[in-house]
Amino acid sequence: MNYWDCQNNVPKARKQFGQHWLKSEKALAKIVSSAELNERDRVLEIGPGTGILTRQLLGQAQRVVAVEIDRDLCPILLQKFAKTDNFLLLQGDFLTLEMDELLQPFPMFQNPRKVVANIPYNITGPILEKLLGTIANPNPNPFDSIVLLLQKEVALRICGNPNSSHYGALSIRVQYLAEAEFMCDVPAKAFSPPPKVDSAVIRLKPRAVEIPADDPRKLETLVKLGFSSRRKMLRNNLKSLIEVENLNQLLESLGLNPQARAEDLSVEQWVRLSNAFATVEQLSHPV
Ligand code: SAH
């Protein structure tokens with residue numbers, strides 16, 4: 001098989017690994033500046049590919065540990081960065097590999113605090129979950145910042161504000177765990193081969209929410225159910241959990257319109273609603 005794309009002097013991109021080589025200098029510069037790197041940073045890169053972003057990261061951070069699933073790219077990367085002792089390559093699937101364990105023999109690369117990556121779009125959800133954790137199970141050792149190049153549609157959903165068409169369960173699941181910023185658009189033509197969709201850069205800064213959920217699992221369930229039918233009022237989507245009159249009262253006690261839809265509630269209001277649920281449950285099942 002002809003593996004090399006001679007015209008562009010890069011390996012041919014493999015669909016199964018979601019490979020699209022970034023070629024726009026402008027997009028590269030924006031990704032790197034969004035990461036706010038300094039010479040003391042240890043960076044984790046997921047999917048270094050041909051190393052175009054890796055080279056920039058190595059220029060600005062102290063160390064870069066990169067995880068690449070495609071075995072055939074590893075010799076290319078190792079050769080490119082052979083002279084740099086601040087680069088460590090782990091070959092494997094980021095979703096399943098045990099990073100802490102693999103980094104045991106390399107103390108200088110342990111515990112990277114920043115993530116920068118042009119990720120394969122087909123596994124965006126699982127990557128986000130591995131990096132951030134979930135509402136009920138947040139990452140116990142959260143990163144300082146996570147800069148990702150991903151599908152624009154997903155970027156908009158992650159960063160969505162209440163009452164916008166992109167605001168939904170994903171916005172809440174991410175924004176409960178991190179501050180989310182939309183950094184810039186990246187058009188499909190910035191890649192070779194171009195993906196079918198446009199892309200964007202986002203920055204996540206994990207932090208604890210001001211008001212945490214008393215019962216994070218309840219919050220997850222409520223958000224999922226609440227958005228199950230976007231156009232319906234909350235009281236209809238949550239019918240299986242709570243009597244309409246009880247929910248009306250709850251919403252009013254939180255200063256919300258009883259006719260509210262899921263998209264009307266901010267993350268904080270979702271948490272307040274979830275926390276207030278316990279009182280209603282006690283009323284309906286007195287101990
Ligand atoms: N960073 C490069 C390549 C981006 S394409 C660039 O900007 O040009 C996505 C990269 O993620 C590819 O190199 C692909 O092989 C790699 N990849 C795909 N699935 C992966 C996984 N599960 N774990 C680690 N790397 C993965």
Side-chain angles (χ1 to χ4, degrees), residues 1 3-5 7-35 37 43-61 64-81 87-103 109 112 114-132 143 146-152 154-155 183-203:
M1 186 192 76
Y3 179 54
W4 206 261
D5 168 359
Q7 209 180 343
N8 296 303
N9 199 26
V10 284
K12 278 194 179 149
R14 288 179 162 150
K15 242 197 189 135
Q16 95 236 45
F17 295 136
Q19 293 175 350
H20 295 275
W21 313 134
L22 187 62
K23 55 177 191 180
S24 153
E25 291 295 331
K26 200 171 141 196
L28 261 181
K30 187 67 191 179
I31 296 172
V32 177
S33 67
S34 300
L37 299 174
V43 176
L44 164 65
E45 185 187 4
I46 306 158
T50 62
I52 185 163
L53 176 58
T54 320
R55 187 180 296 286
Q56 305 275 330
L57 300 176
L58 283 167
Q60 297 208 13
V64 176
V65 48
V67 181
E68 175 55 61
I69 199 170
D70 187 343
R71 281 173 200 280
D72 292 332
L73 292 175
C74 294
I76 300 171
L77 287 162
L78 289 174
Q79 195 193 17
K80 254 187 199 167
F81 304 119
F87 176 64
L88 181 73
L89 181 62
L90 303 175
Q91 192 275 319
D93 181 347
F94 172 70
L95 296 178
T96 52
L97 58 70
E98 296 288 342
M99 252 223 328
D100 291 349
E101 228 166 84
L102 291 171
L103 292 178
F109 289 90
K114 290 184 178 169
V115 180
V116 186
N118 169 8
I119 59 173
Y121 297 171
N122 53 336
I123 51 170
T124 301
I127 288 179
L128 278 174
E129 197 170 317
K130 181 141 182 187
L131 294 172
L132 292 174
F143 291 98
I146 301 169
V147 172
L148 300 176
L149 173 55
L150 36 61
Q151 189 179 337
K152 181 175 175 182
V154 180
M183 305 307 292
C184 71
D185 282 293
V186 178
K189 65 175 193 304
F191 302 85
S192 169
K196 289 202 181 74
V197 290
D198 280 329
S199 301
V201 179
I202 63 163
R203 178 168 61 201

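Residue numbers start at 1 and run along the sequence shown. Hydrogens, waters and symmetry mates are skipped; everything else that's a heavy atom, side chains included, is used. Quantities reported herein were computed from a predicted structural model and do not represent experimental measurements. Atoms within a ligand are numbered from 1 in the order they appear, just like the ligands themselves.
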Next on the checklist: Does Gln16 have more than 12 heavy atoms from other residues, nucleotides or ligands lying within 6.0 Å of its CD?
Outcome noted: yes

Item to check | Shortest non-hydrogen contact between Phe94 and Leu131, atoms and distance | outcome: CZ-CD2, 3.7 Å

Item to check | Audit row: Phe87, Arg55, side chain to side chain contact (heavy atoms under 4.5 Å, CB included) steps and yes/no | outcome: CA-CA 10 Å; Phe87 176 64; Arg55 187 180 296 286; over 6 Å; no

Checklist outcome for this item: the protein heavy atom lying closest to atom 9 (C) of ligand 1 turns out to be Asn118 O, 3.6 Å

Item to check | Check: Lys80 and Thr50 side chains under 4.5 Å, non-hydrogen atoms | outcome: yes

Checklist entry - How close does the nearest protein non-hydrogen atom get to atom 2 (C) of ligand 1, and which residue and atom is it? => result Pro48 O, 3.4 Å

Next on the checklist: With a 4.0 Å cut-off on heavy atoms, is Glu45 in contact with ligand 1?
Outcome noted: yes

Next on the checklist: As an exercise, identify every atom of ligand 1 less than 4.0 angstrom from a heavy atom of Gly18.
Outcome noted: 5 (S), 9 (C)

Checklist entry - For Asp5 and Trp21, what are the C-alpha separation, side-chain angles and deciding distance, and is it a side chain to side chain donor-acceptor pair (under 3.5 Å)? => result CA-CA 12 Å; Asp5 168 359; Trp21 313 134; over 6 Å; no

Checklist entry - Quick one: which ligand 1 atoms are inside 4.0 Å of a heavy atom on Trp21? => result 3 (C), 8 (O), 13 (O)

Checklist entry - Closer than 4.0 angstrom: is that true for some heavy atom of Ile52 and an atom of ligand 1? => result yes

Checklist outcome for this item: Contact region, Thr54 to ligand 1, non-hydrogen atoms below 4.0 Å, reads neither

Checklist outcome for this item: The closest protein heavy-atom partner of atom 8 (O) of ligand 1 is Leu22 N, 2.9 Å

Next on the checklist: Taking a cutoff of less than 4.0 Å between a non-hydrogen atom of the residue and any ligand atom, is Thr50 in contact with ligand 1?
Outcome noted: no

Checklist entry - Is a side-chain N or O of Glu98 found less than 3.5 angstrom from the main chain of Asp100, in a donor-acceptor match? => result no

Item to check | Protein contact of atom 19 (N) of ligand 1 - nearest heavy atom, named by residue and atom, plus distance | outcome: Pro120 CG, 3.4 Å

Next on the checklist: Yes or no: does Val67 have any heavy atom under 4.0 Å from an atom of ligand 1?
Outcome noted: yes

Next on the checklist: Is it the case that the side chain of Gln19 and the backbone of Arg14 share a donor-acceptor pair, with hydrogens and angles ignored and the cut-off at 3.5 Å?
Outcome noted: yes

Checklist entry - Given Phe94, Phe17, Tyr121, Phe191, which has its nearest heavy atom closest to atom 14 (C) of ligand 1? => result Phe17

Checklist entry - Does the cation-pi check pass for Lys23 over Phe191, that is, NZ or CZ under 6.0 Å from the six-membered ring centre and within 45° of its axis? => result no

Next on the checklist: Return the closest protein heavy atom for atom 22 (N) of ligand 1 as residue, atom name and distance.
Outcome noted: Asp93 OD1, 2.8 Å

Checklist entry - Judged by atom type as modelled, is there a donor-acceptor pair below 3.5 Å linking the side chain of Asn122 to the main-chain atoms of Gly18? => result no

Checklist entry - Does Gln91 reach the main-chain N or O of Ile69 with its side chain, forming a donor-acceptor pair under 3.5 Å? => result yes

Checklist outcome for this item: Near His20 (heavy-atom distance under 4.0 Å), the atoms of ligand 1 are 4 (C), 5 (S), 8 (O)

Next on the checklist: Please check: side-chain N/O of Lys114 versus main-chain N/O of Ile146, any donor-acceptor pairing under 3.5 Å?
Outcome noted: no

Item to check | Contact check, Gly92 vs ligand 1, heavy-atom distance below 4.0 Å | outcome: yes

Item to check | Identity and separation of the nearest protein heavy atom to atom 26 (C) of ligand 1 | outcome: Ile69 CG2, 3.5 Å

Item to check | Nearest neighbour of atom 13 (O) of ligand 1 from the list Glu68, Gln19, Gln91, on a heavy-atom basis | outcome: Glu68

Checklist outcome for this item: If you scan protein heavy atoms around atom 3 (C) of ligand 1, the nearest is Gly47 O, 3.5 Å

Checklist outcome for this item: From the list Asn118, Leu22, Leu150, Val186, side chain to side chain contact (heavy atoms under 4.5 Å, CB included) partner of Ser199 resolves to Val186

Next on the checklist: Please check whether Leu73 reaches ligand 1 - meaning an N/O of the residue sits under 3.5 Å from an N/O of the ligand, judged on distance alone.
Outcome noted: no

